[in-house]
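Below: one structure, written as structure tokens.
These numbers were taken from a predicted model, which means no experiment stands behind them.
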Amino acid sequence: MANLIYPLYQLMTLFTAFLNPIAFHGEPKPRVEFDSHKALFVFGDSLFDPGNNQYLNGSLPQPSATTWPYGETYFEHPTGRLSDGRIVPDFIAEFAKLPILTPYLKPGSHRFTDGTNFASAGAGVLPETNSGTIHINLQLSYFKDVEKSLRKEIGNEAAKNLLKRAVYLFSIGGNDYFNFYTMYPSATQTDQRKYVEMVIGNLTSVLKEIYGMGGRKIAFQNAGPLGCLPSMREMNPNLGGECAEELSKLAGLHNRYLASVLKKLESELPGFKYSLFDYFNSLGDRVSNPSTYGFKEGKAACCGSGTYRGSGCGGGVSGTDLFEVCSDPGEYVWFDGAHTTERTNRQLAELLWSGVPNLTRPYNIKQLFELA
Ligand SMILES: *[C@@H]1O[C@H](CO)[C@@H](O)[C@H](O)[C@H]1NC(C)=O
Ligand SMILES: *[C@@H]1O[C@H](CO)[C@@H](O)[C@H](O)[C@H]1NC(C)=O
Ligand SMILES: *[C@@H]1O[C@H](CO)[C@@H](O)[C@H](O)[C@H]1NC(C)=O
């Protein structure tokens, strides 16, 4: 059913474009058209990457999720999304009645009036995290290019208005902490705090720049229960299958800083509104109590090799290494060692979109879209 809706939507968009004579002549389109919907700009890491890394021209040893079984559930081919199907931004776009956003780096023309997606698997806040990926400052510079194209396409005033009404959705930080944890396993609490402050400091600058460009509606999912990923259980056999608590604690520290910085920005910057989704506890609860949410398995992944199928999904560089794939990804919280299944993603997206304030606060994304 779902597979039918997407092409149908594309057909409808084509058809509407055909009926709009102004669109044909490449003249600036009437402003009213852009008042009728709001754009979505997505920034982030693998949790939100719709395939940007494929277009990085070999600066990565191997772009991820470009082999089967990635994409099998919905797209029926790998798209670069690290899941069996859709990821959270795909669902948020659907709920906001926007088309699925294409990767920003995808060659060809783009409808930036709907927004776009800059997220890059492996990316962090800090440029030194997994170099070669699109770190957050590079994503911001791409966003500045988009602003320029929008000004050209629809004029300064309409572009300004579009950026003001748009929602900016973020998932970033996890990779900075994986790196820190791997490089400094015995960091002191003071070191940890300093590192978190550096990540949050850089992130705050990005948010202020977006605000300076007119952005007003920021939506975040916080850092996840990083120590409970199948890959982390696999990498720390000494923990006997338990979560790597020290890593999850680092994410928890980041999350406390993030919550307080967003609150501070709201009080300092007139008109700044935000939504903060408690991804850490929402996902953590699914991992601990999978059956409550309709899953059979919360610890091991659907795809990969090893005890928890913590790595190797999709094979090595040639895509031929041995790995296992479950028959029904919908029974699993995790699709691979670090990324959730489409079914989990839908549940999470519903919480981001219309979650109650104990999980998504002070606004949910639906409310951000509804604001002027
Ligand atoms: C990749 O290469 C193409 C062709 O040379 C170029 O147009 C594009 O901008 C490059 N992409 C990136 C992300 O550098
Ligand atoms: C941003 O990160 C860099 C390291 O990449 C650090 O030197 C700098 O102090 C950070 N900036 C802020 C405002 O925290
Ligand atoms: C949040 O509130 C909902 C409904 O009010 C409740 O069912 C749920 O258990 C609460 N979740 C948490 C994590 O407190």
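When all heavy atoms of P290 and G298 are compared, the closest pair comes out as CG-N, 3.7 Å. Of all heavy-atom pairs spanning P230 and D336, the tightest one is CG-O, 4.0 Å. Between A121 and L82, the closest heavy-atom pair is CB-CD1, 3.7 Å. Shown here for A223 and H254, the closest heavy-atom pair between the two residues is CB-CD2, 3.9 Å. The two residues L226 and M232 have their closest heavy-atom pair at O-CG, 3.3 Å. Heavy-atom minimum distance, Q347 versus Y293: NE2-O, 3.0 Å.
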T129 vs D176, test: side chain to side chain donor-acceptor pair (under 3.5 Å). Steps then yes/no. CA-CA 6 Å; T129 296; D176 299 287; 2.7 Å; yes
Worked verdict on D45 versus S171 for side chain to side chain donor-acceptor pair (under 3.5 Å): CA-CA 6 Å; D45 50 28; S171 158; 2.9 Å; yes
Evaluate the side chain to side chain donor-acceptor pair (under 3.5 Å) criterion for residues Y332 and D84: first the C-alpha distance (whole Å), next the side-chain angles of each, then the deciding distance (0.1 Å), finally the verdict. CA-CA 11 Å; Y332 288 73; D84 56 307; over 6 Å; no
Could you go through T204 and L265, starting from their C-alpha distance and side-chain angles, then the distance that decides it, and tell me whether this counts as side chain to side chain contact (heavy atoms under 4.5 Å, CB included)? CA-CA 9 Å; T204 309; L265 289 175; 4.2 Å; yes
What do the steps show when you test C228 against C243 for disulfide (SG to SG under 2.5 Å), and what is the final call? CA-CA 4 Å; C228 299; C243 301; 2.2 Å; yes
Criterion ring-ring contact (aromatic ring centres under 6.0 Å, His included) on W353 and F91, from CA distance to verdict: CA-CA 9 Å; W353 180 252; F91 289 112; over 10 Å; no
Does the side chain to side chain donor-acceptor pair (under 3.5 Å) test come out yes or no for T340 and N345, once each step is laid out? CA-CA 6 Å; T340 42; N345 292 341; 2.5 Å; yes
Evaluate salt bridge (Lys or Arg N to Asp or Glu O under 4.0 Å) for E342 paired with R346, printing each intermediate quantity in order. CA-CA 6 Å; E342 172 174 283; R346 177 188 279 281; 5.9 Å; no
Test log, rule side chain to side chain contact (heavy atoms under 4.5 Å, CB included), inputs H37 and L98: CA-CA 8 Å; H37 78 284; L98 291 165; 3.4 Å; yes
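In the hydrophobic clustering of ILVMFWY residues, with side-chain heavy atoms under 4.5 Å counting as a link, Y257 and L276 come out together. Taken together through direct or relayed side-chain contacts under 4.5 Å among Ile, Leu, Val, Met, Phe, Trp and Tyr, I134 and Y168 form part of one hydrophobic cluster. No single ILVMFWY cluster, assembled from side-chain heavy atoms under 4.5 Å apart, contains both F280 and L359. Follow the hydrophobic side-chain contacts under 4.5 Å out from V325 and you never reach Y308; the two are in separate clusters. Each of L239 and L250 belongs to its own hydrophobic cluster when Ile, Leu, Val, Met, Phe, Trp and Tyr are linked at side-chain heavy-atom distances under 4.5 angstrom.
With values rounded to the nearest 0.5 angstrom, D90 atom CG is found 4.0 Å from R81 atom CZ. Summarising the geometry, atom CG belonging to N117 is positioned 8.0 Å from atom CG belonging to L40; distances are rounded to the nearest 0.5 Å. E324 contributes atom CD, which lies 7.5 Å from atom OG of S305 (distance to the nearest 0.5 angstrom). For the atom pair CD1 (I172) and CG (L126), the distance works out to 9.5 Å, reported to the nearest 0.5 Å. Taking CD1 of I87 as the reference point, atom OG1 of T344 lies at 13.5 Å (rounded to 0.5 Å). To the nearest 0.5 angstrom, I136 atom CD1 is 11.5 Å from F143 atom CZ.
Between I218 and K273 the shortest side-chain heavy-atom distance does not fall below 4.5 Å. Between L150 and L163, the closest side-chain pair of non-hydrogen atoms falls below 4.5 Å. At a threshold of 4.5 Å between non-hydrogen side-chain atoms, the residues L47 and V88 do not count as touching. T341 has its side chain out of reach of V333: every pair of non-hydrogen atoms, C-beta onward, lies at least 4.5 Å apart. With a 4.5 Å cut-off on side-chain heavy atoms, W334 and E297 do not count as touching. In this structure, T113 and L162 have side chains that are in contact, with non-hydrogen atoms separated by less than 4.5 Å. Contact check for L262 versus L207: side-chain heavy atoms found under the 4.5 Å cut-off. N255 is not listed as a side-chain neighbour of Y279, based on a closest heavy-atom distance of 4.5 Å or more.
Ion pair R193/E197 not flagged as a salt bridge, since none of the NZ, NE, NH1 or NH2 atoms sits closer than 4.0 Å to an Asp/Glu carboxylate oxygen. Salt bridge annotation for E268-K264: present, with a cationic side-chain nitrogen under 4.0 angstrom from a carboxylate oxygen. Ion pairing of D191 with K194 is absent here, as no side-chain N (NZ or NE/NH1/NH2) approaches a carboxylate O to less than 4.0 Å. Comment: D278 does not engage R361 in a salt bridge, judged by the lack of any side-chain N to carboxylate O separation of less than 4.0 angstrom. Classification of R343 and E331 as a salt-bridged pair fails, no side-chain N sitting under 4.0 Å from a carboxylate O. E266 and K263 are not joined by a salt bridge, as no carboxylate oxygen comes within less than 4.0 angstrom of a charged side-chain nitrogen. With respect to E234 and R309, no salt bridge is recorded, no charged nitrogen being found less than 4.0 Å from a carboxylate O.
Checking N289 against D285 by side-chain atom types alone, a donor-acceptor pair falls below 3.5 Å. Between H339 and S46, the side chains place a donor N or O and an acceptor N or O closer than 3.5 Å (distance only, hydrogens not considered).
At distances below 3.5 Å, not a single donor-acceptor pair connects side-chain atoms of S231 with backbone N or O atoms of G310. A donor-acceptor pair under 3.5 Å is absent between the side-chain atoms of K164 and the main chain of G215, judged by distance alone. Between the side chain of K217 and the backbone N or O of L368 there is at least one donor-acceptor pair closer than 3.5 Å.
Side-chain rings of Y274 and Y363 stay apart, their centers remaining 6.0 Å or farther from each other. With ring centers used as reference points, Y181 lies 6.0 Å or more from Y177.
Every ring pair (Phe, Tyr, Trp, His ring centres under 6.0 Å) that Y70 has, sequence neighbours left out, goes to F335.
The SG atoms of C302 and C326 lie less than 2.5 Å from each other.
A ring-ring contact (aromatic ring centres under 6.0 Å, His included) with Y104 is found for exactly one of F43, F41, F118, F48, namely F118.
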